[in-house]
Amino acid sequence: MSRRKKIYEGKAKILYEGPEPGTLVQYFKDDATAFNNKKKATLEGKGVLNNRISEFIMLNLGRVGVPTHFIRRLNMREQLVREVEIIPLEVICRNVAAGSISQRLGIPEGDALPRSIVEFCYKNDSLNDPLVAEEHITAFNWASTQEIDDIISLTLRVNDFLSGMFAAVGIRLIDFKLEFGRLYEGDMVRTVLADEISPDSCRLWDIETNEKMDKDRFRRDLGNVTEAYAEVARRLGIMKEAPRAANDEAWK
Ligand code: C5P
């Protein structure tokens, strides 16, 4: 692994050059960060769980016709993905008020929103990923009007699919964040889903108890973070049993 060329290192993942042109290897770390890197920890086994959960979700989205960068999982912590040009937006879809929309607009956490809301943030750590309007996106050429249309319709399809998938296993999809990329195929460009979808990037509440099963457990010091992620994986049928320790050993 150390001989591979590192293309990019983010807070929770590393991208390495892939085995063939146009591919990358996406490595899932155990590092957890919140509040734009102000809070940090290593959560043993988190990368293994997110690799598996994201694989499961991307594969299922692919089956219902949502184009993604995912090719296949390589091992416990790595997946092979298509190299895309990342569109510098964090696309957030919300069904229930929580987190920044509750703070910004004073909507009590847990209130169902009148309809699903798609928000855009400009992906820039030094600016704390500020909320932006479509006007900014097109004026600064971060994405075209056509790309914004594609992103919104894909995001709503992902929301429909994931809301149903999670509801079927007793989990409420509160909100989630997506990233998209441009996939160049000859002289064609397609907008595809990139990055990951995992409890790091979604808010997931138990349907019966409202217990949080996502990264808010880390952000809010609720404890049992990887245990909650393992329970999400177990309910989705990815793991037969939630292992006591969600470390690499438990997955062999
Ligand atoms: O913090 P906020 O309420 O805006 O987050 C909305 C959703 O987007 C949450 O599920 C959160 O985990 C996710 N998110 C993310 N990465 C960010 C910002 C938000 O995965 N940089």
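Below, each value reflects all heavy atoms present in this structure, side chains not excepted, and no hydrogens, waters or symmetry copies. Counting starts at 1 for both ligands and their atoms, following the listed order.
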Checklist entry - Are Lys123 and ligand 1 in contact, using a heavy-atom cut-off of under 4.0 Å? => result no
Checklist entry - Is Arg77 positioned over the aromatic face of Phe28, cation under 6.0 angstrom from the ring centre and no more than 45 degrees off axis? => result no
Item to check | Enclosure of Lys11 NZ (heavy-atom neighbours >12, cutoff 6.0 Å) | outcome: yes
Item to check | Atom indices of ligand 1 within 4.0 angstrom of Arg219 heavy atoms, with elements | outcome: 11 (C), 12 (O)
Checklist entry - What protein heavy atom sits nearest atom 13 (C) of ligand 1, and how far off is it? => result Lys177 CB, 3.6 Å
Next on the checklist: Need the ligand 1 atom indices (1-based, order shown) with element for anything under 4.0 Å from a heavy-atom of Arg94.
Outcome noted: 2 (P), 3 (O), 4 (O), 6 (C)
Checklist entry - Which of the atoms in ligand 1, numbered in the order shown and given with their element, are less than 4.0 Å from a heavy-atom of Glu90? => result 16 (N), 17 (C), 18 (C), 21 (N)
Item to check | Protein heavy-atom partner closest to atom 10 (O) of ligand 1 - residue, atom, separation in Å | outcome: Asp175 OD1, 2.6 Å
Checklist entry - What do you reckon, is CD of Glu185 surrounded by more than 12 foreign heavy atoms closer than 6.0 Å? => result yes
Checklist outcome for this item: The closest protein heavy-atom partner of atom 1 (O) of ligand 1 is Arg203 NH2, 3.8 Å
Checklist entry - Would you call Asp200 a ligand 1 contact, heavy-atom distance under 4.0 Å? => result yes
Checklist entry - Among protein heavy atoms, which sits nearest to atom 19 (C) of ligand 1, and what does the distance come to when rounded to 0.1 Å? => result Ile92 CD1, 4.3 Å
Checklist entry - What atoms in ligand 1 come closer than 4.0 Å to a heavy atom of Asp129? => result 21 (N)
Item to check | Top protein contact for atom 4 (O) of ligand 1, by heavy-atom distance | outcome: Ser100 OG, 2.6 Å
Next on the checklist: Checking Asp195 against Phe180 for the side-chain contact (heavy atoms from CB on, under 4.5 Å) test, could you report, in this order, the C-alpha distance in whole Å, the side-chain angles of both residues, the deciding distance, and whether it holds?
Outcome noted: CA-CA 8 Å; Asp195 195 54; Phe180 291 88; over 6 Å; no
Checklist outcome for this item: If we number the atoms of ligand 1 from 1 as shown, the ones under 4.0 Å from a heavy atom of Ala98 are 3 (O)
Next on the checklist: For Asn95 and Asn159, which I'm curious about, is there any donor-acceptor pair between the side chains at under 3.5 Å?
Outcome noted: yes
Checklist entry - Should we say atom CZ of Arg115 is surrounded by more than 12 heavy atoms from elsewhere, each under 6.0 Å from it? => result no
Checklist entry - Gly99 heavy atoms, cut-off 4.0 Å: which ligand 1 atoms fall inside? => result 3 (O)
Checklist entry - Are more than 12 heavy atoms from other residues, nucleotides or ligands located less than 6.0 Å from atom CZ of Arg104? => result yes
Next on the checklist: Checking side-chain polar atoms at under 3.5 Å, does Glu196 have a donor or acceptor matched by the opposite partner on Ser198?
Outcome noted: yes
Checklist entry - Looking just at side-chain N and O atoms, do Arg217 and Thr226 make a donor-acceptor pair shorter than 3.5 Å? => result no
